[in-house]
Amino acid sequence: MDQLLNDFSPGLFFMQAIILLILILLMRKFAWKPILDSLNDREAGIQDALDAADKARKELQNLRSDNERIFNEARTERDNMLKEARELKESMINDAKAEAQAEAEKIVAKAQETIASEKKAAIADLKSQVAGLSVEIAEKVVRKELTSKENQMELVESMLGDVTLN
Amino acid sequence: MYNLIGAGLIVIGGGIGLGQIGGKAMEGIARQPEAAGKIQTAMIIIGALLEGLAFGALILGQG
Amino acid sequence: MKVFHKTLKYSVVLLLTLSSSIAFAGGGGDNHDKKGNPIDTKEEINAYIKHHLQDSHDFTFYTNGETGTHYGFPLPVILWDEGLKMFMSSKFHHGETVAEADGNYYKLYHGKIYRTDAEGTINYDEHHHPTNVKPLDFSITKSVVGMLLAGLLMILGFSALARGYKKGPIPTGFSRVLEPLVIYVRDEIARPNIGEKKYRKFMSFLLTVFFFIWIANLLGLTPLGFNITGQIAVTVCLALFTAVIYLTNGSKDFWAHTLWMPGVPVILRPILAIIELVGFVLIKPFSLLVRLFANITAGHFVVMSLIALMITMKDAFGAVGSTGMSLVLSLFITLIELLVAFLQAFIFTMLSSLFIGMAVEEHDHH
């Protein structure tokens, strides 16, 4: 300890203090401040660039997912439209078929009705004709009876031959 | 003479302490090699503190 | 690349060791004996090493032991002794004569300047300490030259780095080596210990101290014979700066915790306050300064002793054997000293930032 105190030189201490102080001030002005500032700037720049890249990547991803979404929407829309069209087509065909069926049935029914009424009319007509014929024949037969029996028969026969059912 | 004995004692004590620090630090590094940097820094600091103690004692003893 | 670096490093160390051995073997310094023989006894070597560890008022590269001529250059002496006295240290003739300035007589004795009478008489007390008056010595000593050199190197190197940033964000040339060191101090020493918010304010001090100590330590390993950080006055000054900085920047919480520790019985609080105060004001700076001083002094002592093996072991192993042994050993120790030079700068800065961090920290109230 004594040795150390003896070795301690106040002058050297003073010089060191002055030199260190001046050195700190000089270095702060000319070296540390610009160096640390540039380092900070550079690090901030790198951080910014990284952030920007990250952001760009995210945006790209968003864009891509947007695109995909839009594409998917379009596809589903198209599918829907196709489906609707198909359904429409089917329903139209079915409707048409049903209508045609109904129309046909109606026509058939009408035809049958007509046939039936014609038939009835024909039968009625036939009946009236048969009745007229019979009356005519009977008249002729009655008129001819006056001559002979053979003549009468002959007449009936010819009459019957003339008569057609129409 | 006496202060030489004192210096020897200080060196023994400091040596044991440094050995402990170094040994434990090695164990720590072996157990967790990924923390080697941190362990090393802490080891150096503690070593320096111990060293300061030992040197202080040496200098006071050499009076 | 790594191999190349290693080879480069080894060859630099080899060169340093070799040249310092040569300087040592050749230089008798002030302690060559008067008969003109080169130093070769244990006592002379001890005295020589002791002389080297002290500051000196001149720069001696080589002393011719035969003729007693010193090769080197004198440094200015600046004294404050009832007025400013300035003269060149060549007036002392390496301690052999008395220097006269403005009617006062001064003599160099073991690296210190004492005021004497015209004959240069030095009176001793019973411990063989001189009792003559020691004037305040603001001389540009060898250590001051070393400090100025270190400061100049720092200003040149780092202002080049700072200017480099104006040209582009990436430094070129030697600045590329310096930039990671600055980043290292910032990210590994200051930031984790002081905290993200407050570290900026202390960066100038920490960076300056780190590089100053490192460069001064490295200058001490060159054969120029500097021993800057091995001067107790220098380390006292460095530690005092740290202490002043952390004591003046202490936060309210720090003082509250130091002087009136919460969560402790009231009777113990004054005792704790004294312990903490002594710790912060005395023990922490003291351990800082002593650690640096002792490490560097011990390093220089060991390197020089190992180089001196060349002389002391000559009888036992022969000239070649002793030289080889001392070369291998001093090479090895110089390598370790290179590491220590960095480590001490690192530890000083680390502990400084740790103490500053303790002082500026704002505690969460629990």
Side-chain angles (χ1 to χ4, degrees), chain A residues 1-70, chain C residues 53-55 78-80 110-113 127 129 134-141 143-144 147-148 150-151 154-155 157-166 169-171 175 178-179 182-183 186 200 203-209 211-212 228 231-238 240-241 290 293:
Chain A
M1 203 68 195
D2 274 0
Q3 175 83 38
L4 272 188
L5 286 178
N6 190 45
D7 278 348
F8 180 82
S9 146
L12 186 61
F13 173 79
F14 179 76
M15 293 303 282
Q16 160 73 1
I18 298 267
I19 289 174
L20 192 61
L21 206 62
I22 293 174
L23 194 63
I24 290 174
L25 293 177
L26 274 182
M27 290 301 274
R28 178 157 73 187
K29 176 121 183 19
F30 291 110
W32 304 137
K33 227 174 145 40
I35 289 173
L36 290 174
D37 284 353
S38 329
L39 282 178
N40 275 338
D41 285 355
R42 196 174 72 190
E43 271 153 21
I46 290 171
Q47 195 57 49
D48 280 358
L50 282 179
D51 287 350
D54 216 33
K55 216 171 126 194
R57 203 173 45 219
K58 251 181 210 154
E59 260 168 28
L60 197 68
Q61 212 154 18
N62 278 351
L63 212 64
R64 200 175 292 159
S65 62
D66 259 15
N67 276 349
E68 205 153 311
R69 194 171 48 80
I70 289 171
Chain C
L53 291 178
Q54 280 186 335
D55 209 357
I78 306 164
L79 296 176
W80 182 264
H110 283 295
K112 297 257 180 243
I113 295 174
H127 299 295
H129 290 311
K134 266 200 278 186
L136 271 179
D137 182 5
F138 300 120
S139 310
I140 309 295
T141 56
S143 294
V144 177
M147 286 176 217
L148 291 173
M154 279 170 72
I155 289 175
F158 288 103
S159 63
L161 173 61
R163 262 182 281 118
Y165 285 118
K166 283 182 189 139
I170 310 292
S175 302
L178 298 178
E179 194 202 76
V182 176
I183 295 178
R186 188 191 63 178
R200 225 164 255 270
M203 277 312 283
S204 295
F205 171 72
L206 293 175
L207 281 166
T208 312
V209 162
F211 287 106
F212 180 81
I228 307 162
Q231 300 301 327
I232 190 83
V234 173
T235 59
V236 165
C237 181
L238 288 167
L240 207 68
F241 264 68
V290 162
F293 163 77

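Chain identifiers are assigned alphabetically (A, B, ...) following the order of the sequence lines, protein sequences preceding nucleic acid strands; residue numbering begins at 1 within each chain. Basis for what follows: all heavy atoms, side chains included, without hydrogens, waters or symmetry-related copies. This one's a predicted model, so the numbers in the text were calculated from it and none came from an experiment.
Using a 30° and 60° split on the angle between ring planes, C:F158 and A:W32 fall in the tilted class, from 30° to 60°.
Atoms CD1 and OG, on C:I113 and A:S9 in that order, are 9.5 Å from each other to the nearest 0.5 Å.
Each of C:V144, C:T235, C:L240 has some count of heavy-atom pairs under 4.5 Å with chain A, and the biggest count is that of C:V144. Of all the listed residues (C:V236, C:T141, C:L136), the one sharing the greatest number of non-hydrogen pairs under 4.5 Å with chain A is C:V236.
Interface remark: C:F138 contributes backbone and side-chain atoms alike to the contact with chain A (heavy atom separation under 4.5 Å). The parts of C:L207 that come within reach of chain A are both its backbone and its side chain, each placing non-hydrogen atoms under 4.5 angstrom from that chain. Heavy atoms of C:I78 lying under 4.5 Å from chain A are absent altogether. In this structure, chain A has a heavy atom under 4.5 Å from the side chain of C:R186, while its backbone stays farther away.
Not counting sequence neighbours, C:Y165 has no partner by the ring pair (Phe, Tyr, Trp, His ring centres under 6.0 Å) test.
Contact check for C:I170 versus A:R42: side-chain heavy atoms found under the 4.5 Å cut-off. With contacts defined as side-chain heavy-atom distances shorter than 4.5 Å, the pair A:N40/C:R200 qualifies.
Contacts of residues 10-30 of chain A with chain C at a heavy-atom distance below 4.5 Å involve A:P10, A:G11, A:L12, A:F13, A:F14, A:M15, A:Q16, A:A17, A:I19, A:L20, A:L21, A:L23, A:I24, A:L26, A:M27, A:R28, A:F30, listed in sequence order.
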